[in-house]
Undergrad: 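Can you keep this structure in mind? I'll have questions shortly.
Just follow the structure's listing: the first ligand is 1, and inside any ligand the first atom is 1. Please read all numbers here as calculations on a predicted model, not as lab measurements. Keep in mind that the numbers below use all heavy atoms, side chains included, and drop hydrogens, waters and symmetry copies.
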Amino acid sequence: MATTYLDHQATTPCDPAVVAAMAPYWSERFANPSSRSHRCGLEAAAAVDLARSSLAQQLGVAPEQVVFTSGATEANNLAIKGLVEARRQRGRHLLTLATEHRAVLEPLRYLAGHGYELTVLPVQRDGLVDLNRFSEALRDDTLLVSVMAANNEIGVLQALASIGALCRERGIALHSDGAQIFGNRPLRPCELGLDLFSLSGHKIYGPKGIGALVLAEGIVVAPQQHGGGQEGGLRGGTLPVPLIVGLQRAAELASQDWQARQQRLGGLRDRLLAGLLELGGVRVNGSLEHRLGHNLNVQVDGVDGTQLHRALRRQLAVSGGSACSSGSPSHVLAALGLTPAEAAASIRFGLGRPTTAAEIDQAVLVVAEALKQLRG
Ligand SMILES: *Cc1c(COP(=O)(O)O)cnc(C)c1O
């Protein structure tokens, strides 16, 4: 039997329309967009310009505010290290949440090892940060705050507009890792008070290896990759034209179907949850209300996590924690107050554009079978 893929928070399949849009740029229109001395190069540059302005328009910014990177990880690194380097005279304090992706936590910890002071705020049992606690943690010497829009493990949506307002009041720069929200909400980062916003192609049915950092007007970051002056000197390296075209196409498709998709997948998610709750001893990790429609993360009582995932993995592609940190217990679930054993016995379901009701019913059956076996 084929494996049912329910791990769309780890990555998504590249949409055939995206593959088609990229196709001419591999072998036919292959020129380097920095080659301004011939027509082939100028055509490649025009394709990049078009993709950039279309993406920028969707995000409500000017084209020069979009910096292409290799993905959200690089965008986070450029945002965090780049802003801190550009503004280091302003202070030494950095603030983030315990549930952030490691692509945010690690650059911040790197800076903490180089003379900066890092506060990692806990979250509540539902995954949301307490706004009073957040506000109290802001200091006069706070240089940068980084809070993700939507969590990759539990899908929980932070109150980013309120967080943005608090930061703006104090004149503190705010970065957000938007890898999970982008394509699932019509997000205009600057209207939310965000100064820096990271996004990724492969989470929105686009290609892997491409993403972008969106900078609010007037926000300056120091380049973290020096080279041939591409991307306004902010990110050296030959531009991957096919990937950029693919990212734009994927973003365009997502902007067209996000609402219907979130609604449909939200319905399937509820059907999945109802089926799992009937099995008994199943609890939702994180707020169900403040959550992306296509995510479910549950904790299963009375089974060993390793045995549970071993029983599931032949028929179900799901995740126990974050794909990048598999092996060690999820720091996100730990931040919600779960013990290592409870975190290990948790399942993340990430529904996606191709997910069908039949697959959801199949997933419930597979879990039911595993529990029957393991609970004896
Ligand atoms: C996937 C993901 C990343 C990493 O993105 P890449 O484009 O693979 O570097 C970072 N943050 C979050 C929240 C993610 O979901």
Undergrad: Let me know which protein residues bring a heavy atom to under 4.0 Å of ligand 1; chain then number is fine for ordering.
TA: G71, A72, T73, H101, M148, N152, D177, A179, Q180, S200, H202, K203
Undergrad: Just grab all the ring-ring contact (aromatic ring centres under 6.0 Å, His included) pairs involving residues 181-209, residues at least two apart or on different chains.
TA: none
Undergrad: Run through L174, V221, L144, L83 and flag the one making a side chain to side chain contact (heavy atoms under 4.5 Å, CB included) with D195.
TA: L174
Undergrad: Measure from the side-chain N and O atoms of Q158 to the backbone N and O of G127, and report whether any donor-acceptor pair falls under 3.5 Å.
TA: yes
Undergrad: Which residues pass the salt bridge (Lys or Arg N to Asp or Glu O under 4.0 Å) test with R109, not counting sequence neighbours?
TA: E106
Undergrad: List in chain and number order the residues that pass salt bridge (Lys or Arg N to Asp or Glu O under 4.0 Å) with E74, two or more places apart in sequence or in another chain; answer none if no residue qualifies.
TA: R235
Undergrad: Determine the sole option in V147, L138, L118 for which the side chain to side chain contact (heavy atoms under 4.5 Å, CB included) test with L95 is passed.
TA: L138
